[in-house]
Amino acid sequence: MDRYQQLVQNALAAVSEVFPWDLEEEIENDQGLILLDIREANEFKIMHIRNSLHVPRGVLEGACVWNYDDTVPALAKTRDQNIVVICRSGNRSVLAVQTMQLMGFENVRSLKMGIKGWNDNDIEMVDENQKIVDIDEADEWLNRAVSEDKLTPQQVNLKN
C-alpha cells in the first residue's frame with residue numbers, strides 16, 4: 001500500500017462514510033444537508049451532484065472559518081450542520097473530513113467511492129450549465145487511465 005492510501009486508511013479510523021444510494025435517499029429527506037464538493041474547478045464543471053457547494057480542497061480550511069477571503073458562510077456559521085464531503089473516488093474527501101473534524105465539525109461524512117461510485121450507481125449528475133451528464137460519458141471520463149509519466153518505472157515495464 002502506498003503512503004497516500006495508508007494516510008487515507010489511517011483517517012478512516014475516525015471518519016464516517018455514506019454510500020451513494022444512502023446519500024441519494026438522504027438528499028430527498030434532509031433539506032439542510034450540505035453537499036460539499038472539494039474537487040478542482042475543472043472537475044466540478046464537468047460533472048457534480050445537483051445543488052453541491054463547491055469549495056476546492058486547497059482552500060477548505062479558510063472556507064470553514066470567518067474572516068478569510070475564502071470564507072464560505074454556509075460552512076463557517078455552524079459546526080453541527082449535516083455535511084457530506086465529495087471527491088472523485090472517496091480518498092480526498094476522507095482526508096478533508098478528518099481536517100474538518102479537527103476544526104470542530106461534528107456531523108461531517110465522506111461519500112464512499114466518491115463521484116465514481118455515484119455514477120456507477122446510475123444516479124443523476126449535472127454539468128456547470130445544470131444539464132444532465134450522460135452516465136456513459138461520465139464513466140469514460142472518471143475511469144481514464146493514468147498517463148505513463150505518472151506510473152512507477154516497474155508499472156511502465158509491465159505494460160510493455
Side-chain angles (χ1 to χ4, degrees), residues 1 3-135 137-139 141-143:
M1 180 178 304
R3 291 182 183 187
Y4 175 50
Q5 288 300 314
Q6 187 62 55
L7 190 63
V8 171
Q9 286 301 310
N10 291 345
L12 280 169
V15 169
S16 295
E17 297 179 290
V18 59
F19 284 101
W21 50 88
D22 292 329
L23 179 58
E24 181 183 32
E25 185 177 311
E26 194 171 329
I27 289 170
E28 294 174 15
N29 298 321
D30 184 351
Q31 301 304 312
L33 174 68
I34 294 177
L35 302 172
L36 178 60
D37 194 314
I38 61 160
R39 296 174 302 139
E40 296 299 317
N42 64 318
E43 295 176 280
F44 186 81
K45 287 179 182 178
I46 294 169
M47 70 189 80
H48 60 270
I49 300 171
R50 190 181 304 276
N51 300 318
S52 294
L53 174 63
H54 180 238
V55 176
R57 176 67 185 96
V59 298
L60 179 63
E61 291 82 355
C64 289
V65 294
W66 295 107
N67 301 321
Y68 287 88
D69 286 339
D70 300 320
T71 297
V72 175
L75 296 175
K77 71 181 178 182
T78 184
R79 293 291 184 261
D80 60 357
Q81 183 72 38
N82 187 10
I83 301 171
V84 174
V85 181
I86 302 160
C87 70
R88 179 175 170 265
S89 64
N91 290 329
R92 285 178 285 179
S93 58
V94 166
L95 298 175
V97 167
Q98 182 181 44
T99 297
M100 292 177 75
Q101 288 173 335
L102 290 170
M103 295 181 74
F105 286 84
E106 299 170 3
N107 193 13
V108 60
R109 296 166 290 154
S110 173
L111 176 60
K112 189 169 184 69
M113 301 178 292
I115 286 290
K116 286 179 73 172
W118 188 263
N119 190 65
D120 288 347
N121 283 280
D122 299 333
I123 308 171
E124 182 179 282
M125 287 188 289
V126 295
D127 65 15
E128 66 182 319
N129 299 313
Q130 300 302 305
K131 293 175 67 178
I132 295 173
V133 175
D134 179 85
I135 289 172
E137 289 176 19
D139 190 54
W141 191 86
L142 290 166
N143 292 299

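Residue numbers run from 1 in the order of the sequence given.
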Where [X] and [Y] come nearest, the two heavy atoms and their spacing:
X	Y	value
Arg39	Phe44	NH2-CA, 3.7 Å
Val85	Ala96	CG1-CB, 4.0 Å
Val65	Ala76	C-CB, 3.7 Å
Glu61	Thr99	OE2-CG2, 3.3 Å
Tyr4	Asn91	OH-CB, 3.2 Å
Val15	Gln101	CG2-OE1, 3.8 Å

* **Min side-chain heavy-atom separation Leu12-Glu17 under 4.5 Å** => yes

* Is the shortest heavy-atom distance from the side chain of Leu36 to the side chain of Val72 under 4.5 Å? -> no

* **Pairwise distance NE2(His48) to CZ(Arg50) - rounded to 0.5 angstrom** => 8.0 Å

* Structure fact -> For residues 67-79, the side chain to side chain donor-acceptor pair (under 3.5 Å) pairs (sequence neighbours left out) are Thr78-Asp80

* CG/Asn10: more than 12 non-hydrogen atoms of other groups inside 6.0 Å -> yes

* Asked: Side-chain donor-acceptor pair under 3.5 Å between Glu26 and Asn82, yes or no?
  -> yes

* Using the test side-chain contact (heavy atoms from CB on, under 4.5 Å), find all partners of Lys131 that sit at least two apart in sequence or belong to another chain. => Asp127, Asn129

* Asked: Does Trp118 reach the main-chain N or O of Glu124 with its side chain, forming a donor-acceptor pair under 3.5 Å?
  -> yes

* Donor-acceptor under 3.5 Å (Asn119 side chain, Ile135 main chain) -> yes

